[in-house]
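Report on the structure given below.
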Amino acid sequence: MFFWQPGRHIRKMTAVLEEIARGNLQQRINIYSKGALGRLAQVIDSSISALTAQINVLNREAVKGKAILTSMVEGVIAIDKDGRVLSLNPTAEKIFNIKKQDAEGRLFLEVIRNNDIFEIISRVLKSGEPLSNELNLILPVQKVFKINASAIFEDRAVAGCVLVIHDITQMRRLERVRSDFVANVSHELKTPLTSIKGFVETLLEGAIDDKENNREFLRVIQEHTNRLESLINDLLDLASLEERGVSLRAQEVNFKELADKILMNFEAQLEKKEVEARNELPGNLIVNADKDKIEQVFTNLIDNAVKFNRQKGSIKIYAQELPDNKIKVIVKDSGEGIPPKDISRIFERFYRVDKARSRAMGGTGLGLSIVKHIIESHGGSIEVESSEGLGSEFSFILPK
Ligand SMILES: Nc1ncnc2c1ncn2[C@@H]1O[C@H](COP(=O)(O)OP(=O)(O)OP(=O)(O)O)[C@@H](O)[C@H]1O
Ligand SMILES: [Mg+2]
């Protein structure tokens with residue numbers, strides 16, 4: 001039985017529309033009568049359904065956008081046309097050490113007191129043209145950022161600006177390391193080469209017949225050739241160690257025997273300097289490691305311990321057992337020590353405390369960087385302790 005009840009229908013429609021206005025989009029009128037009121041109710045119901053679907057799409061887009069902003073490694077800050085912060089992502093919070101809730105709605109310059117960035121924002125807001133710039137910021141350590149700023153448009157007018165901030169400190173540092181490396185290598189290659197060239201020319205110009213000096217000239221040429229050879233070998237070693245996936249040829253290595261063998265190679269230098277070397281490694285210390293590479297570690301550490309020692313000094317090599325089946329090997333000398341300001345840098349390639357002196361002793365500053373690479377490729381670590389004038393202690397830890 002069908003009753004025409006316009007008053008009741010209108011009340012129901014009003015109630016549903018009020019609910020919709022409150023944001024409850026689940027409500028429907030559900031009147032299926034054939035009259036004009038019934039059709040109106042059906043049109044409203046299907047409009048609400050279409051609207052709900054549209055809102056769901058927008059919500060999904062917003063969630064997606066938020067997820068992208070949250071996971072971005074770049075900092076993102078949106079600013080309105082009056083220079084107020086509209087929003088920022090977690091990376092931006094981290095970069096500038098600020099909180100989203102404290103920043104949003106406030107003037108950019110109150111939140112981030114940086115005139116250089118503000119200048120970029122002002123220019124973009126004024127011109128609508130994108131801008132990109134590299135800035136050094138101290139936050140509190142100095143970092144390099146690439147900042148890309150672009151305008152937000154609404155109805156063809158600039159309504160704000162978005163900053164995308166990329167931390168490029170590490171990239172710039174690597175570029176510097178690489179160019180320093182090339183400059184250093186070129187310099188180190190050129191020095192012996194210039195000498196060799198000079199002496200060869202002198203010989204060819206007649207000195208070859210100078211019975212008194214020609215042997216000495218040849219000896220100098222030989223010395224520089226050896227230097228070139230050892231530099232190139234060091235560079236090749238470093239290159240192969242840096243190549244990822246270099247496999248170690250692990251075997252059981254008796255550290256005491258290995259250190260004894262290396263000390264024998266240094267016999268002449270030790271005698272000349274009257275340095276007493278004691279190998280106190282236990283005879284039963286066996287480590288699973290790449291023997292050739294560990295041989296190089298001992299060679300480079302002992303070479304330094306002899307070179308930078310004093311006349312009548314001493315060297316001691318000993319070990320300490322550590323928990324988790326690890327071993328610490330220490331090479332201790334009574335040499336000149338390393339000034340505190342240099343200590344953090346001596347493992348860098350080509351770093352020498354006294355460049356001229358080290359070079360005069362045949363060093364290029366690659367020895368310790370090779371040692372560090374080898375130890376780290378074995379899953380170990382290396383440290384140094386030193387007091388100026390008293391001596392140094394290089395210790396490396398390896399898993400057995
Ligand atoms: N045992 C040590 N005592 C004092 N200074 C040291 C010692 N070992 C290293 N150093 C300092 O650290 C610098 C870097 O050492 P590294 O072994 O890398 O280079 P090098 O010995 O000068 O040259 P290379 O090893 O390439 O022949 C040295 O130039 C020296 O200034
Ligand atoms: Mg060395």
Side-chain angles (χ1 to χ4, degrees), residues 177 180-181 183-192 223-242 259 262-263 265-266 268-270 273-279 293-318 328-377 381-396:
V177 167
D180 284 357
F181 180 71
N184 274 317
V185 171
S186 318
H187 181 77
E188 294 298 332
L189 289 173
K190 216 170 159 198
T191 315
E223 189 184 298
H224 287 295
T225 315
N226 289 343
R227 197 180 155 76
L228 269 184
E229 190 187 20
S230 89
L231 172 63
I232 288 167
N233 284 339
D234 281 355
L235 288 171
L236 288 174
D237 283 345
L238 264 181
S240 84
L241 283 166
E242 278 176 357
I262 312 294
L263 285 172
N265 299 341
F266 281 93
Q269 286 103 305
L270 288 165
K273 246 185 160 165
E274 296 175 273
V275 169
E276 186 208 357
R278 274 182 298 159
N279 180 358
K293 294 209 161 56
I294 298 297
E295 183 167 333
Q296 198 171 7
V297 167
F298 276 118
T299 304
N300 291 4
L301 291 181
I302 293 171
D303 180 45
N304 288 346
V306 181
K307 255 191 331 196
F308 301 108
N309 221 318
R310 58 182 163 83
Q311 199 69 26
K312 290 200 163 83
S314 63
I315 298 173
K316 187 166 105 169
I317 307 169
Y318 59 106
K328 184 173 184 175
V329 176
I330 301 125
V331 179
K332 184 179 159 94
D333 67 61
S334 62
E336 62 198 45
I338 301 157
K341 71 171 177 32
D342 298 293
I343 212 142
S344 63
R345 301 201 56 190
I346 55 167
F347 292 101
E348 287 174 22
R349 296 182 290 195
F350 295 109
Y351 194 84
R352 286 158 287 190
V353 174
D354 181 339
K355 222 169 185 153
R357 246 197 82 210
S358 162
R359 189 179 293 136
M361 290 192 280
T364 43
L366 289 176
L368 285 179
S369 56
I370 293 176
V371 168
K372 187 167 193 270
H373 263 97
I374 295 178
I375 296 299
E376 287 177 356
S377 66
S381 59
I382 180 153
E383 288 180 356
V384 56
E385 272 177 43
S386 186
S387 12
E388 259 184 292
L390 291 177
S392 315
E393 247 185 74
F394 283 85
S395 51
F396 58 87

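Worth saying up front: this structure is predicted, and the values here are computed from it rather than measured. All heavy atoms count here, side chains included; hydrogens, waters and symmetry mates do not. Start at 1 and go down the list; that is how both ligands and their atoms are numbered.
Taking atom 7 (C) of ligand 1 as the reference point, the nearest protein heavy-atom neighbour is F308 CD1, 3.5 Å. The protein atom (non-hydrogen) at minimum distance from atom 22 (O) of ligand 1 is S358 OG, 2.6 Å. In this structure, atom 18 (O) of ligand 1 lies nearest to the protein heavy atom L368 N, 2.8 Å. Among protein heavy atoms, the minimum distance from atom 23 (O) of ligand 1 is reached at G365 N, 2.9 Å. Protein heavy atom at the shortest distance from atom 12 (O) of ligand 1 is I346 CG2, 3.5 Å. Atom 29 (O) of ligand 1 has its closest protein heavy atom at R352 CG, 3.2 Å. For atom 27 (O) of ligand 1, the nearest non-hydrogen atom of the protein is G363 CA, 3.3 Å.
Using bins of under 30°, 30° to 60° and over 60° for the plane-to-plane angle, the ring pair F350/F181 lands in the tilted bin.
For the Mg ion (ligand 2), the set of nearby N, O or S atoms under 2.8 Å includes none belonging to N300.
The distance from ligand 1 to the heavy atoms of K307 drops below 4.0 Å at these ligand atoms: 20 (P), 21 (O), 23 (O), 27 (O). When each atom of ligand 1 is checked for a heavy atom of V353 under 4.0 Å away, the hits are 29 (O), 31 (O). Short contacts between ligand 1 and Y351, defined as distances under 4.0 Å to a heavy atom of the residue, involve ligand atoms 13 (C), 14 (C). Each of the atoms 1 (N), 2 (C), 7 (C), 8 (N) of ligand 1 lies under 4.0 Å from some heavy atom of F394.
Taking a 6.0 Å sphere around NZ of K332, one finds it holds 12 or fewer heavy atoms contributed by other residues, nucleotides or ligands.
Summarising the geometry of G363 relative to R227, their closest heavy-atom pair is O-NH2, 3.6 Å, with the distance given to 0.1 Å.
Using a 4.0 Å heavy-atom cutoff, G335 is absent from the residues neighbouring ligand 1.
The option from I338, T364, N304 that lies nearest to atom 17 (O) of ligand 1, judged by heavy atoms, is N304.
The backbone N or O of I315 sits nowhere less than 3.5 Å from a side-chain atom of D333 that would complete a donor-acceptor pair.
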